[in-house]
Amino acid sequence: MEKFKMTTPLVEMDGDEMTRILWQMIKEELLLPYIDLKTEYYDLGLEHRNETSDQVTVDSANATLKYGVAVKCATITPNASRMTEYHLKEMWKSPNGTIRAILDGTVFRAPILIKGIVPYVGNWTKPITIARHAYGDVYKNVEIKAPGPGRAELVFTGEDGTEIRETIHNFTGPGILQGIHNTEKSIRGFARACFHYAVDTGQDLWFATKDTISKKYDHTFKDIFQEVYEAEYAEKFRELGIEYFYTLIDDAVARVIRSQGGFIWACKNYDGDVMSDMVATAYGDLSMMTSVLVSPSGVYEYEAAHGTVQRHYYKHLKGEETSTNSIATIFAWTGALRKRGELDGIQELSEFADKLERACIKTVEDGKMTKSLSLISTCKNPVVLNSLDFIKAIRETLEALL
Ligand code: NAP
Ligand code: MG
């Protein structure tokens, strides 16, 4: 068989620990035998980030802006124990944070649905994609513990010196205070990324805040979404027969539970943090969540939602067998390849991505899976495979589909 050709390279961001091992296996077993794989390779493994003083992360993000599509392996976000483990010069920032800041993107997370892995919410028959605003609010807060009685004020000083001043509270005893912010630019970027992704995937978009209580802060989110929708997307939505739906956050939560799924749920930063864990768990398993960062200008970075699966890696280092699920990482590759195919007009490449995804799903539905899936599957006698044998089983299914 002739290999599928590519014209533009994918930006390939290698990563750490168990997912770095899977990365290699996926390329060798599922990609290189079938595709003339073109990538521009960036090693975001922690060792190399440290050697380059994290320049490699910045370079990889800039390459993504240049080429338009990246695929990323999970990476370690350093903490104190990683400092000693990897003899780091500095506690480098989260690569995802750095990349997100450069692409100004929004992260969309969706579960991969498979027969036999039944969501805890019985009527969820289609995936719910969570889009989390990744800037500001409580994540960039300023806090004060008021020691005793006194007046708390909110003050804005304009560049020309004009002041806007509001009393927050007159304390009669000790208390707590918090200042948060967001910017119109960031909210607008978030809105655009959400509408763009809805059009791209042909799904309805839901958005919710608490604008009845927060008449300026949350209301601004609501207004900007409405404005961007009307000015730039309403017509495309009508053409595609999809809907933009705004409601209050508590109403949204109730409706989401009653829904069948199959839409994008845009969330403010905190709501997205909380709801994405709820939704991921309700669909079954973190190892089955995909993730894509979309910039308002339409640049894409695909990855798995899970981390580097450190515990499995340490077993692997000791020579013990691992049963790590590679599906979300494979879907990062297929997402990126399909998008590359779409952008470059190479239909066979997109079709290959579809088939590889189908091969993953069919392999599990046929009863062959990794350990964590076997624990939640309704399959009667699942065959539990190790990390490599699972990938080889997917290859066998793929061969039949091709
Ligand atoms: P994790 O790597 O997602 O793993 C947590 C646990 O979830 C694992 O120990 C494993 O459970 C299970 N799990 C996750 N993915 C799995 C898979 N594909 N197959 C089977 N089981 C899977 O999270 P973590 O242990 O908290 O973090 C490890 C490292 O990843 C950290 O250094 C963190 O900074 C990094 N991280 C990176 C990203 C990213 O790059 N996007 C995201 C999150 C975390 P059992 O051990 O019970 O089998
Ligand atoms: Mg969280």
Side-chain angles (χ1 to χ4, degrees), residues 12-23 25-26 42-47 49-50 54 56-57 60-61 70-86 88 91-100 103 105 107-109 111-112 114 117 130 132 134 272-273 276-277 280-281 283-293 301-318 320-333 335 360 363-364 368-377 382 384-391 394:
E12 175 183 355
M13 304 170 175
D14 207 345
D16 287 300
E17 300 195 310
M18 200 59 213
T19 40
R20 188 180 179 97
I21 309 275
L22 298 179
W23 197 256
M25 292 178 183
I26 291 167
Y42 292 87
D43 184 1
L44 267 57
L46 187 49
E47 243 167 76
R49 271 184 277 151
N50 192 48
D54 211 22
V56 65
T57 308
S60 72
V71 54
K72 181 180 168 292
C73 179
T75 46
I76 293 169
T77 298
N79 55 17
S81 71
R82 301 297 198 167
M83 292 286 287
T84 18
E85 187 184 352
Y86 284 84
L88 300 183
M91 202 186 285
W92 307 112
K93 287 197 204 129
S94 145
N96 288 51
T98 303
I99 295 166
R100 207 157 52 210
L103 302 187
V107 176
F108 297 82
R109 291 193 159 178
I112 301 158
I114 289 190
I117 314 279
I130 295 254
R132 173 180 169 190
D273 187 352
S276 62
D277 281 6
T281 308
Y283 272 107
D285 196 314
L286 187 63
S287 69
M288 295 295 280
M289 283 298 270
T290 63
S291 180
V292 55
L293 176 71
E301 182 240 283
Y302 293 86
E303 63 177 321
H306 62 74
T308 60
V309 210
Q310 181 183 14
R311 237 171 48 84
H312 295 209
Y313 181 60
Y314 289 167
K315 276 172 77 179
H316 171 83
L317 288 182
K318 281 194 268 172
E320 290 171 31
E321 194 166 78
T322 58
S323 181
T324 316
N325 183 359
S326 46
I327 287 187
T329 307
I330 297 172
F331 271 62
W333 277 100
C360 292
T363 304
V364 178
K368 287 173 240 167
M369 58 194 85
T370 46
K371 187 158 172 243
S372 69
L373 284 186
S374 75
L375 299 176
I376 53 170
S377 171
V384 177
L385 299 173
N386 68 34
S387 306
L388 181 59
D389 285 348
F390 180 57
I391 290 174
I394 293 171

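Here the structure is a predicted model, which means the values were calculated and not measured. In listed order, ligands and their atoms are each counted from 1. Hydrogens, waters and symmetry mates are skipped; everything else that's a heavy atom, side chains included, is used.
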Engineer: From atom 31 (C) of ligand 1, work out which of Arg82, Gln310, Glu17 has a heavy atom at the shortest distance.
Structural biologist: Arg82
Engineer: State whether the side chain of Ser377 and the backbone N or O of Ser374 hold a donor-acceptor pair below 3.5 Å, judged by distance alone.
Structural biologist: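 No: the side chain of Ser377 does not pair with the backbone of Ser374.
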Engineer: Any donor-acceptor pair under 3.5 Å linking the side chain of Ser387 with the backbone of Thr324?
Structural biologist: yes
Engineer: Check ligand 1 against Ala74 and write out every atom of the ligand that is under 4.0 Å from a heavy-atom position of the residue.
Structural biologist: 40 (O)
Engineer: On a heavy-atom basis, I'd like to know which of Arg311, Met18, Met288 is closest to atom 9 (O) of ligand 1.
Structural biologist: Arg311
Engineer: Are Lys371 and ligand 1 in contact, using a heavy-atom cut-off of under 4.0 Å?
Structural biologist: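 The answer is no: ligand 1 sits nowhere under 4.0 Å from a heavy atom of Lys371.
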Engineer: Going by a strict under-4.0 Å cutoff (protein heavy atoms only), does atom 25 (O) of ligand 1 have a neighbour on the protein?
Structural biologist: no
Engineer: Please write down residue, atom name and distance for the protein heavy atom closest to atom 22 (C) of ligand 1.
Structural biologist: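 It is Val309 CG1, 3.9 Å.
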Engineer: Heavy-atom contacts with Thr324 under 4.0 Å: which atoms of ligand 1 show up? List them by number with element.
Structural biologist: 17 (C), 18 (N), 19 (N)
Engineer: Measure the OG1-CE distance between Thr281 and Met289 for me, rounded to the nearest 0.5 Å.
Structural biologist: 8.5 Å
Engineer: Can a salt bridge be assigned to the pair Arg100 and Glu303 using a cut-off of 4.0 Å between side-chain N and carboxylate O?
Structural biologist: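 Salt bridge between Arg100 and Glu303, a charged N being under 4.0 Å from a carboxylate O: no.
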Engineer: In terms of side-chain heavy atoms, does Ser287 have a donor or acceptor partner in Asp285 at a distance below 3.5 Å?
Structural biologist: yes
Engineer: So for atom CD, which belongs to Glu85, do other residues, nucleotides or ligands contribute more than 12 heavy atoms lying within a distance under 6.0 Å?
Structural biologist: yes
Engineer: Using a plain distance cutoff, I'd like to know if Cys73 has any nitrogen or oxygen under 3.5 Å from a nitrogen or oxygen of ligand 1.
Structural biologist: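 Among all N and O atoms of Cys73, none is under 3.5 Å from an N or O of ligand 1.
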Engineer: Quiz question for you: does at least one protein heavy atom lie closer than 4.0 Å to atom 42 (C) of ligand 1?
Structural biologist: yes
Engineer: Any N/O of His312 closer than 3.5 Å to an N/O of ligand 1?
Structural biologist: yes
Engineer: Ignoring hydrogens and geometry, is there a side-chain-to-backbone donor-acceptor pair from Arg49 to Leu44 under 3.5 Å?
Structural biologist: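 Yes, because the side chain of Arg49 sits within donor-acceptor range (under 3.5 Å) of the backbone of Leu44.
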Engineer: Could you list the atoms of ligand 1 found under 4.0 angstrom from a heavy atom of Lys72?
Structural biologist: 40 (O)
Engineer: Protein heavy atom under 4.0 angstrom of atom 7 (O) of ligand 1, is there one?
Structural biologist: no
Engineer: Give yes or no for whether the N/O distance cutoff of 3.5 Å, strictly under, is met between Glu303 and ligand 1.
Structural biologist: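 Glu303 vs ligand 1: N/O contact under 3.5 Å present.
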Engineer: May I ask whether atom 17 (C) of ligand 1 is less than 4.0 Å from at least one protein heavy atom?
Structural biologist: yes
Engineer: At under 4.0 Å between heavy atoms, is it the side chain or the backbone of Asn96 that contacts ligand 1, or both, or neither?
Structural biologist: side chain
Engineer: Nearest non-hydrogen contact with atom 28 (C) of ligand 1 belongs to which option: Ile76, Thr308, Thr19?
Structural biologist: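 Comparing heavy atoms across Ile76, Thr308, Thr19, the nearest one to atom 28 (C) of ligand 1 lies in Thr308.
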Engineer: Looking only at non-hydrogen atoms, find the nearest pair between Asp16 and Leu46 and report the distance.
Structural biologist: OD1-N, 2.8 Å
Engineer: Find the distance between CG (Leu88) and CZ (Arg82) and round it off to the nearest 0.5 Å.
Structural biologist: 9.5 Å
Engineer: Report the nearest protein non-hydrogen atom to atom 37 (C) of ligand 1: residue, atom name, distance rounded to 0.1 Å.
Structural biologist: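 Going by distance alone, atom 37 (C) of ligand 1 is nearest to Thr75 O, 3.0 Å.
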Engineer: So between Ser387, Gly307, Ser287, whose heavy atom ends up nearest atom 1 (P) of ligand 1?
Structural biologist: Gly307
Engineer: Using atom types as modelled and distance alone, determine if a side-chain donor or acceptor of Thr290 lies under 3.5 Å from a backbone N or O of Phe331.
Structural biologist: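 No, Thr290 side chain to Phe331 backbone: no donor-acceptor pair under 3.5 Å.
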Engineer: Using side-chain contact (heavy atoms from CB on, under 4.5 Å), reason through His312 and Ile21 one step at a time and then give a plain yes or no.
Structural biologist: CA-CA 11 Å; His312 295 209; Ile21 309 275; over 6 Å; no
Engineer: Which residue and non-hydrogen atom of the protein lie closest to atom 14 (C) of ligand 1, and at what distance in Å?
Structural biologist: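 Protein heavy atom with the smallest distance to atom 14 (C) of ligand 1: His306 CB, 3.9 Å.
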Engineer: Using only atom types and a distance under 3.5 Å, with no angle test, would you say the side chain of Ser323 pairs donor to acceptor with the backbone of Leu385?
Structural biologist: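 The answer is yes, because a donor-acceptor pair under 3.5 Å joins these two groups.
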Engineer: Between Leu373, Asn325, Thr77, Ile327, which one has a non-hydrogen atom sitting closest to atom 19 (N) of ligand 1?
Structural biologist: Asn325
